[in-house]
Amino acid sequence: MPVWLDVAIRVLAVVVAFLTLPLIVGQAEHKVMAHMQGRLGPMYAGAFHGWAQLVADGVKFVQKEDITPRSADRAVFRLAPVIALLPYLAVLLVIPLGPHGLVAQKLDIGLFFVLAVVGVGVVAVLMAAWSSANKYALLGGLRAAAQLLGYELPFILSALSVAMAAGTLSLSGIVEAWRPWWLLWQLPAMLIFFIAGLAEIRRPPFDMPIADSELVFGYMTEYTGLRFAFFLLAEYVGIVVIAALTTVLFLGGWKGPFGLDAQLGWAWTLIKVFAVSFVVIWVRVSYPRLREDQLQRLCWLVLVPGALGQLVLTAAVKVAAGD
């Protein structure tokens with residue numbers, strides 16, 4: 001197969017996953033929340049178990065008028081939703097789905113690339129907040145900046161722990177080096193990474209930048225129609241990305257039981273991604289929003305020391321093992 005055709009097929013597959021997986025997670029969130037919280041609304045559209053709820057939401061967003069505030073910086077205001085989506089698309093390009101090169105772009109420094117690109121998300125939030133010419137949006141953007149800059153540290157430190165354990169920054173290399181007993185050894189790092197990842201994508205209970213009871217809808221207050229839908233899509237793509245990274249770094253990626261990794265590796269990866277996505281939805285349903293002081297205290301007094309402690313533990317185990 002020509003190189004250009006191979007690259008085109010891989011990129012097309014990533015784009016298809018980028019457009020479909022978040023929609024599946026969004027539909028699952030409607031149903032999971034409906035069952036856990038006894039919500040009847042998401043069960044009516046389309047009659048049978050509310051199968052058309054996501055379609056109804058899409059039609060609603062398309063019909064709404066696209067409004068740009070008179071005092072807004074129009075170019076930046078319209079560009080912000082696109083910037084919110086692009087980092088996650090870039091990350092999906094380097095996440096391995098299975099063994100034997102089943103990844104759009106294999107990088108020896110894949111983890112470094114992922115951590116660098118995910119941090120760009122704060123730029124889109126600040127663009128939306130500043131360009132909206134709205135005080136509620138600006139307050140939401142400042143909260144988001146403080147939150148994302150703080151939680152970036154435990155997010156990176158916990159990822160470095162598993163990279164140190166594997167001895168590589170390659171995502172595929174980390175999966176190949178992973179062993180089942182790492183589930184205990186790297187469990188603190190996994191929990192810290194997962195919690196910090198929720199804060200990175202501003203999912204409840206870390207949705208203080210939105211805080212509808214205080215800030216209307218934070219940095220998204222002035223957005224309507226499809227531009228608002230793009231921000232929601234970015235949130236669901238973020239769930240897929242965080243779930244995929246948790247799977248690859250801490251849950252063995254394509255490795256599964258029965259010794260069928262070569263044949264069913266891609267299936268094991270997807271099963272784990274959807275399982276972690278379910279936990280993300282479960283956390284949203286179960287916990288109330290953290291106050292700003294609680295959010296920062298959790299970051300600096302719990303997650304950062306925990307991540308540093310896990311990093312020291314990993315280094316000690318590696319030295320004791322003679323690696």
Side-chain angles (χ1 to χ4, degrees), residues 13-64 81 84-85 88-89 91-92 95 97 190-191 194-195 197-213 217-218 220 223-248 250-251 256 264 266-290:
V14 169
V15 172
V16 171
F18 177 78
L19 296 176
T20 56
L21 293 181
L23 298 182
I24 296 174
V25 172
Q27 180 74 350
E29 181 170 63
H30 283 308
K31 306 310 166 189
V32 170
M33 292 182 65
H35 283 293
M36 286 187 171
Q37 296 183 328
R39 297 186 178 191
L40 298 179
M43 294 298 183
Y44 277 90
F48 178 70
H49 208 70
W51 66 269
Q53 180 62 50
L54 202 63
V55 177
D57 287 342
V59 172
K60 175 185 69 176
F61 285 126
V62 170
Q63 288 179 333
K64 286 187 176 294
L85 283 169
Y88 297 126
L89 176 59
V91 169
L92 288 177
I95 293 179
L97 185 61
M190 181 178 71
L191 294 177
F194 179 74
I195 294 171
L198 292 183
E200 285 286 319
I201 58 176
R202 300 168 295 284
R203 285 283 298 182
F206 301 97
D207 56 339
M208 183 55 72
I210 296 174
D212 48 313
S213 60
F217 217 61
M220 292 189 285
Y223 283 89
T224 59
L226 286 177
R227 298 187 196 280
F228 181 79
F230 284 163
F231 272 115
L232 293 185
L233 179 61
E235 178 180 329
Y236 288 116
V237 179
I239 294 175
V240 173
V241 166
I242 295 300
L245 289 175
T246 304
T247 296
V248 169
F250 300 100
L251 300 178
L264 296 177
W266 61 272
W268 297 133
T269 301
L270 290 178
I271 289 172
K272 294 174 185 178
V273 167
F274 285 122
V276 176
S277 299
F278 172 80
V279 176
V280 173
I281 298 170
W282 191 354
V283 170
R284 172 180 181 174
V285 173
S286 304
Y287 293 95
R289 178 186 301 127
L290 295 176

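Just so it is clear, the structure is predicted and the values come from calculations on it, not from any experiment. We count residues from 1, following the sequence as given.
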[X] versus [Y], closest heavy-atom pair with distance:
{"X": "Ala84", "Y": "Ala234", "value": "O-CB, 3.8 Å"}
{"X": "Met43", "Y": "Lys31", "value": "CE-O, 4.1 Å"}
{"X": "Phe206", "Y": "Ala199", "value": "CB-CA, 3.7 Å"}
{"X": "Pro288", "Y": "Pro205", "value": "O-CB, 3.0 Å"}
{"X": "Gln27", "Y": "Trp51", "value": "NE2-O, 3.1 Å"}
{"X": "Lys272", "Y": "Leu251", "value": "NZ-O, 2.7 Å"}

* Asked: Taking only residues two or more places apart in sequence, or in another chain, which ones meet Tyr236 in a ring-ring contact (aromatic ring centres under 6.0 Å, His included)?
  -> none

* Asked: To the nearest 0.5 Å, what is the distance between CD1 (Ile271) and OG1 (Thr247)?
  -> 11.0 Å

* Structure fact -> Output for pair (Leu19 CG, Leu233 CG), nearest 0.5 Å, gives 7.5 Å

With side chains defined as the heavy atoms from C-beta onward, is the minimum distance between [X] and [Y] less than 4.5 Å?
{"X": "Phe18", "Y": "Leu85", "answer": "yes"}
{"X": "Pro204", "Y": "Tyr287", "answer": "no"}
{"X": "Arg289", "Y": "Ile210", "answer": "no"}
{"X": "Phe274", "Y": "Leu21", "answer": "yes"}

* Asked: When you look at Leu232 and Phe61, which way does the side-chain contact (heavy atoms from CB on, under 4.5 Å) test go after all the steps?
  -> CA-CA 11 Å; Leu232 293 185; Phe61 285 126; 3.5 Å; yes

Name the atoms and distances for all side-chain donor-acceptor pairs under 3.5 Å in residues 276-283, with sequence neighbours left out.
{"unit_1": "Ser277", "atom_1": "OG", "unit_2": "Val273", "atom_2": "O", "d": "2.8"}
{"unit_1": "Trp282", "atom_1": "NE1", "unit_2": "Ser286", "atom_2": "OG", "d": "3.4"}

* To do: Output every pair passing salt bridge (charged side-chain N to carboxylate O under 4.0 Å, His left out) with a member in residues 230-240, not counting sequence neighbours, ordered by first then second residue.
  => Arg203-Glu235

* When you check the gap from the basic side-chain N to the acidic O, do Asp207 and Arg202 get nearer than 4.0 Å? -> no

* Per the side-chain contact (heavy atoms from CB on, under 4.5 Å) rule, which among Val240, Ile239, Ile242, Val237 passes with Tyr88? -> Val237

